Amino acid sequence: MSRTAFKAPGDAHANRWKALVFIALAQLMVVLDTTIVNIALPSAQQDLGISDGDRQWVVTAYALAFGGLLLFGGRVSDLWGRKRAFLIGLVGFAAASALGGAATTGAAMFGARALQGAFGAVLAPAALSLLAVMFTDGKERAKAFGIFGAIAGGGSAVGFILGGVLTEYMDWRWTFFVNIPFAIAAATGAYFVVREPEGGRNRSPLDIPGVVLSTLGLVSLVYGFTRAESDGWSDTTTISLFVASAVLLLAFVITEAKVKAPLLPLRVVTDRNRGGVYLSLGIAIIAMFGSFLFLTYYLQVVKGYSPIKSGFSFLPMVAGMMVGSTQIGTRLVTRVPARFLIGPGFLVAMAGMLLLTRLETGSSYASTVLPALVLLGLGMGTTFNPAMSLPTVGIQPRDAGVASAMINTSQQVGGAIGTALLNTIATSATTSYVKGHIADAATKPQLVQLQGVVHGYIIAIWFAVGLLVLATLIVLTLVNRRPDSEDVEVEVAVLVVAH
């Protein structure tokens with residue numbers, strides 16, 4: 001029987017590529033928001049009278065809500081329907097952005113950011129699972145996930161540029177208001193062109209204990225790493241949060257193994273291919289997020305770049321991600337086993353990291369930073385396509401939302417860990433360097449401090465190199481699905497949808 005006979009009705013409609021435009025636009029909005037607000041934070045803090053101790057909550061409130069509610073958001077899209085969850089997430093995110101832009105107090109800002117995170121947790125898995133059920137042909141799926149992955153990877157760097165332009169030439173409030181036209185365009189287009197296949201919903205009763213345990217466990221974990229960055233790893237509250245997270249997540253796993261309709265069916269994560277991608281991607285994101293932060297500070301603090309110039313300096317990485325995702329990943333994902341794309345992709349990114357270990361206070365952007373950014377972009381861009389596509393290949397349609405949510409969860413938790421862990425390593429190394437050069441610090445304090453900062457970055461980046469090696473080993477060991485088996489499993493999944 002021919003493969004076209006297995007096409008689901010939703011996959012056959014002519015508007016699926018138009019739908020991809022609006023799904024990608026929504027993803028771009030979410031990714032942009034993670035960095036665009038960081039650029040505006042100093043100006044917003046001053047206008048709203050937020051103290052230095054409380055300013056972290058502009059970022060933390062979003063991260064806690066987004067990371068804590070992702071599994072719930074994925075289950076909501078399976079229960080309500082992906083299109084409906086997608087539209088609700090867009091409208092809610094736009095409304096929360098309007099509240100953030102109109103905020104007059106710090107508390108109002110924190111509340112708006114938490115709402116953004118909550119609706120983002122509904123929107124992100126719905127967008128990814130829509131792609132999974134709408135694009136089932138191997139080559140079309142590769143191209144769609146390539147475009148989606150390039151946007152997911154490059155959007156953060158673009159956020160620095162847009163955030164710098166809006167903050168410098170308009171007002172910090174526009175870093176929130178800019179989400180509204182994005183959301184209106186994406187929601188309007190999606191309403192008319194998105195058609196998800198029938199019969200793919202999971203209408204089982206919602207697993208309330210699973211929702212509570214997973215949400216509290218993930219919130220404790222993300223907040224624990226946030227506290228570790230600001231108050232140290234030995235802080236009593238930090239340790240208590242990690243202990244609470246371990247207990248809650250263990251209870252969550254036990255609960256999911258026993259209930260009839262689990263929030264996260266364990267079959268989703270115990271599959272060696274999906275589990276391998278979730279684990280390796282999370283570890284790689286730890287390395288990437290921390291190094292991304294260091295490069296931003298290196299360009300602005302050490303090299304003296306303006307926010308706009310710093311943002312534009314990341315464009316080669318965006319270009320590398322676009323090439324890696326839409327050209328290399330898309331062309332090879334149906335021909336080469338996933339581990340031979342993801343693993344080498346991590347190694348190419350690691351080569352970029354190795355270049356960054358040569359950074360000095362007087363390093364040239366053209367000879368050191370530029371080639372490192374290109375390699376980072378090419379490497380991670382190549383991994384995004386198979387890493388985002390593989391966990392939803394062969395998945396039962398009723399589990400597509402939660403499988404997609406796990407991809408976002410691994411990225412979100414990885415980002416929180418990376419920022420806290422690598423920043424702590426860098427800070428400790430900087431302190432040790434300055435103490436070891438105390439004699440020079442008396443005569444050249446500013447120079448020694450800058451040298452210490454760069455030394456700290458290099459030590460942390462070496463740690464990131466090791467993480468990418470570990471991520472590569474995990475992929476090559478656990479992920480063994482071949483392109484031909486992917487095609488067969490896609491057909492089986494589509495059969496389930498069609499019937």
Side-chain angles (χ1 to χ4, degrees), residues 10 15-16 18-37 40 58 61-103 108-134 148 151-152 155 159 162 166 173-196 200-202 206 211 215 400-402 404-405 408-409 412:
N15 286 332
R16 62 187 178 279
K18 294 179 182 177
L20 174 62
V21 173
F22 300 111
I23 294 171
L25 184 63
Q27 176 68 9
L28 178 62
M29 178 188 71
V30 173
V31 175
L32 282 174
D33 191 75
T34 60
T35 51
I36 196 172
V37 173
V58 177
Y62 179 90
L64 291 180
F66 189 78
L69 294 172
L70 268 169
L71 286 178
F72 174 67
R75 180 67 178 86
V76 162
S77 69
D78 288 333
L79 182 65
W80 293 351
R82 296 162 192 88
K83 179 177 177 178
R84 182 180 298 175
F86 183 75
L87 294 174
I88 289 172
L90 276 171
V91 172
F93 199 93
S97 298
L99 290 174
M109 170 64 74
F110 305 151
R113 290 290 285 162
L115 277 177
Q116 278 187 311
F119 283 107
V122 175
L123 175 60
L128 195 56
S129 59
L130 273 174
L131 290 188
V133 299
M134 291 176 65
F148 189 84
I151 290 173
L162 188 58
L166 292 174
R173 296 182 184 277
W174 280 99
T175 60
F176 287 89
F177 292 145
V178 73
N179 290 329
I180 298 173
F182 274 100
I184 291 174
T188 303
Y191 180 81
F192 288 106
V193 303
V194 169
R195 301 287 186 273
E196 64 175 306
R201 293 191 190 180
N202 184 344
L206 190 62
V211 171
T215 300
V402 74
S404 301
N408 288 283
T409 300
Q412 184 67 22

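Because the structure is predicted, anything quoted here is derived from the model rather than measured.
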List for me each residue that meets ring-ring contact (aromatic ring centres under 6.0 Å, His included) alongside Y62, sequence neighbours excluded, and say none if there are none.
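Once residues adjacent in sequence are excluded, the partners of Y62 under the ring-ring contact (aromatic ring centres under 6.0 Å, His included) criterion are F66.
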
Got F177 and I180 here, is their nearest side-chain heavy-atom distance under 4.5 Å?
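Result yes, sub-4.5 Å side-chain heavy-atom pair found.
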
Would you say M134 and V194 make side-chain contact, with heavy atoms under 4.5 Å?
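SC-SC contact between M134 and V194 confirmed.
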
Which pair of non-hydrogen atoms, one from [X] and one from [Y], has the smallest distance, and what is that distance?
| X | Y | value |
| --- | --- | --- |
| G89 | L123 | CA-CB, 4.1 Å |
| F86 | A127 | CE1-CB, 3.8 Å |
| F93 | N179 | CE2-ND2, 3.7 Å |
| K18 | V193 | C-CG2, 4.1 Å |
| L87 | A187 | CD2-O, 3.5 Å |
| G74 | P125 | N-CG, 3.7 Å |

K83 side chain to Y191 main-chain N or O, any donor-acceptor pair under 3.5 Å?
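Yes; judged by distance alone, with no hydrogens or angles, the pair exists.
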
Can you tell me how far [atom2] of [Y] sits from [atom1] of [X], rounded to the nearest 0.5 angstrom?
| X | Y | atom1 | atom2 | value |
| --- | --- | --- | --- | --- |
| T188 | F22 | OG1 | CZ | 8.5 Å |
| T215 | L71 | OG1 | CG | 7.5 Å |
| L90 | F119 | CG | CZ | 11.0 Å |
| T409 | L70 | OG1 | CG | 4.0 Å |
| R113 | S97 | CZ | OG | 8.5 Å |
| R75 | L69 | CZ | CG | 15.0 Å |

Mind checking side chain to side chain contact (heavy atoms under 4.5 Å, CB included) for F182 and listing every partner two or more places apart, or none if nothing turns up?
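Listed in chain order: L25, L28, M29, L32, V178.
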
Could you work out, with side chain to side chain contact (heavy atoms under 4.5 Å, CB included) as the rule, every residue matching A112, not counting sequence neighbours?
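For A112, the residues satisfying side chain to side chain contact (heavy atoms under 4.5 Å, CB included) (neighbours in sequence not counted) are L99.
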
